[in-house]
Amino acid sequence: MGKRNFVRGAVLLSAASLIGKALSAVFKIPLDRYFIGPEGIAIYQNAYNIYNWMLAITATGVPLAVSNLVADSDEDEAAEIRASAMWFVTFMGVIAAAGLFIFARPLAAMIAGGGSGYAAPAIRVMSVGVVFMGVSSAYRGYFQGRGNMLPSALSQIADSLSKACIGLGVCALLLPKGRAIAAAGAMSGVTVGTVIGSVILLVMGRKFIKVYRGPKLSTAKRIVMLAIPVTLGSAGFSCMMMADNFTVQNILVGLGNSIEESAGLFGYLTRAFMIYNLPATLIAAVTVSVAPACAEAAHSGDRGLLREHAVSSLRLLAFVSAPCMMGCLCFPGPILSLLYGTSLHRELLMFTGALMILIPFTQVVSGILQATGCVWKPIIVLGATLAVKVALNFLLLPAMGIAGAPLATVISYAAGCVVLIVLFRGHMGFGFPVGTFVRPFVAAAIGALAALGLFYYTAAPFIVVGCVMALVYIVMALLLKAIDIKALLRK
């Protein structure tokens, strides 16, 4: 896989992710603002965070493992890898789905604090979609390992479109039955979207795949042995969200808040992280594309190409993250007011803004390290980051309230990034060019200053201010050469 394939593949998946996130916003913002409110969105998110954690395993970890194996395989071996991954993950998905369905109520009670089982219906509806994740993980990994990002992109868009249309429709029908049931109705869109995304991949498989083989236990073991560390590395932020799932509301209830008040505060935190998810999803596409490319370059011994892949991925990361981070730091209140009609708890979005560079950085760097043979050290770093995060939750939430949760994540990830930079330099033999990060952040700062001036000294609507910031950023990024346009246009 050459550099051009990696960059173009990353851009294609990023474009699909952008469309998917736009559709997700069309779904989630009205769901919160007009249907079930902060308390209801907290119920929905309690179930969705579990789904998201499993998605990190089956839609990121396993596909990365499969793609790394497929990248160095012939068609016969690649077909065997695809079949083995699909049947293994589907088997594990059936077991996980059964467990989630049966134990939904005690699991919901553990999450919400005070013994509340409000999220149980949403968890049960979500569990059905887990069964179909095996198809997605195997086929996405296969196509990505072959450098064909189109099937994954189309599947992702179909998934998001189905989630938005079906989720809002079913939620609206069930709203008279209460927030908990309406949240489960919204979750049905996620489940149906997963099924439709899997069907799209199967259909695309009939178009592009010519060789079919049966699964083998020995091949499944190879995938598992590679997928475990890759999964642990790629599921870092999902684990953080799960940590918040199991600690934040329980801590808030222990501080004297009612279950409903705690759920409402967690709902405001969910709003901030929903906005964060835009750059995070785009960067996930970079990770998916760069891992097999780096694995192939490392396997061939081409250190120059390996360095090009690593620098290109970090340049794309910074290009996407810098303006998003600056926007959240400078305009948290206007962004929340535009999307949700209120700027309450704007400080949550300010803290979350800092994560728009920290978390994607850890994901991309960990992916590169694991693809080039440094498998377990990034996992140890992320495990330590998670431990620090949980400890800080118990320290900062009593002192700061709900704002302590995102601040704990910022502090823990900042420390983790420092360790990963040292680890990267030692393993790869080269560091990151300073301009890779300085140029996009200078461009974003200039765009933010222009937007602040327009916002405070004119009566321009915020959406116009945002467009001006984006335009100034793009112009300055091109002038400062913050992005390699030639790499994007190269055939």
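Just so you know, these numbers use all the heavy atoms, side chains as well, and skip hydrogens, waters and symmetry mates. Nothing fancy with the numbering, it's 1 onward along the sequence.
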J.: Quick one: do Arg124 and Ser127 satisfy side-chain hydrogen bond (donor to acceptor under 3.5 Å, both in side chains)? Show the steps, please.
T.: CA-CA 5 Å; Arg124 288 196 175 105; Ser127 67; over 6 Å; no

J.: Given side chains that start at C-beta, do those of Phe35 and Ile41 come closer than 4.5 Å, heavy atoms only?
T.: no

J.: What closest approach, in Å, do Val365 and Phe424 show between heavy atoms, and which atom pair accounts for it?
T.: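 The answer is CG1-CD1, 3.7 Å.
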
J.: Considering all heavy atoms of both residues, which atom of Phe27 and which atom of Ala186 are nearest to each other, and what is their separation?
T.: CZ-O, 3.7 Å

J.: Do Lys177 and Leu174 make a side-chain contact, defined as non-hydrogen atoms from C-beta onward lying under 4.5 Å apart?
T.: yes

J.: On the 0 to 90° scale, with breaks at 30° and 60°, tag the Tyr44-Tyr48 ring pair as parallel, tilted or perpendicular.
T.: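 If you compare the ring of Tyr44 with that of Tyr48, the planes turn out parallel.
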
J.: Is there a side-chain contact between Leu349 and Arg346 in this structure, where contact means two heavy atoms from C-beta onward sitting under 4.5 Å apart?
T.: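 Heavy-atom side-chain distance check fails, nothing below 4.5 Å.
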
J.: Would one find more than 12 heavy atoms of other residues, nucleotides or ligands at under 6.0 Å from atom CZ of Phe101?
T.: no

J.: Please determine whether the number of non-hydrogen atoms from other residues, nucleotides or ligands lying under 6.0 Å from atom CE of Met400 exceeds 12.
T.: yes

J.: If every non-hydrogen atom of Phe246 is compared with every non-hydrogen atom of Asn250, which pair is closest and at what distance?
T.: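 Residues Phe246 and Asn250, closest heavy atoms: O-ND2, 3.0 Å.
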
J.: Can you tell if the side chain of Phe361 reaches within under 4.5 Å of the side chain of Ile421, non-hydrogen atoms only?
T.: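 In contact.
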
J.: Checking Lys28 against Gln45: is there a side-chain donor and acceptor pair closer than 3.5 Å?
T.: yes

J.: Do Gln249 and Asn46 have side-chain N/O donor and acceptor atoms under 3.5 Å apart?
T.: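 A donor-acceptor contact under 3.5 Å links the two side chains.
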
J.: How close do Ile402 and Leu397 get, heavy atom to heavy atom, and via which atoms?
T.: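 Heavy atoms only, the tightest pair is CA-CD2, 3.8 Å.
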
J.: Does the cation-pi check pass for Arg179 over Tyr118, that is, NZ or CZ under 6.0 Å from the six-membered ring centre and within 45° of its axis?
T.: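 No, a cation-pi geometry is absent between Arg179 and Tyr118.
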
J.: Could you go step by step and tell me if Thr342 and Leu336 meet the side-chain contact (heavy atoms from CB on, under 4.5 Å) rule?
T.: CA-CA 6 Å; Thr342 175; Leu336 289 170; over 6 Å; no

J.: Answer whether the closest heavy-atom distance between the side chains of Gln144 and Val70 falls below 4.5 Å.
T.: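 Gln144 does not reach Val70 side chain to side chain.
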
J.: Taking the side chain from Lys377 and the backbone from Leu420, do they hold a donor-acceptor pair closer than 3.5 Å?
T.: no

J.: Can you say whether the rings of Phe319 and Tyr473 are parallel (under 30°), tilted (30 to 60°) or perpendicular (over 60°)?
T.: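 Judged by the thresholds at 30° and 60°, the geometry between Phe319 and Tyr473 is tilted.
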
J.: Distance only, no hydrogens: is a donor on one side chain within 3.5 Å (strictly under) of an acceptor on the other, for Thr247 and Asn393?
T.: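 Result is yes, a qualifying pair exists.
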
J.: Determine yes or no for a side-chain-to-main-chain donor-acceptor pair under 3.5 angstrom, with His309 supplying the side chain and Ile368 the backbone.
T.: no

J.: Run the side-chain hydrogen bond (donor to acceptor under 3.5 Å, both in side chains) test on Thr194 and Tyr51 for me, step by step, so that the C-alpha distance in whole Å, both residues' side-chain angles and the decisive distance to 0.1 Å come before the verdict.
T.: CA-CA 11 Å; Thr194 303; Tyr51 171 87; 2.6 Å; yes

J.: What I want to check is whether the side chains of Thr385 and Ser412 have a donor and an acceptor closer together than 3.5 Å.
T.: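 Looking only at side-chain atoms, Ser412 and Thr385 do not form any donor-acceptor pair under 3.5 Å.
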
J.: Taking all non-hydrogen atoms of both residues, which atom of Met356 and which atom of Cys328 are closest, and how far apart?
T.: CE-SG, 3.3 Å

J.: Do you know the tightest heavy-atom contact between Cys171 and Ala182?
T.: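 Closest pair (atom of Cys171, atom of Ala182, distance): SG-O, 3.6 Å.
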
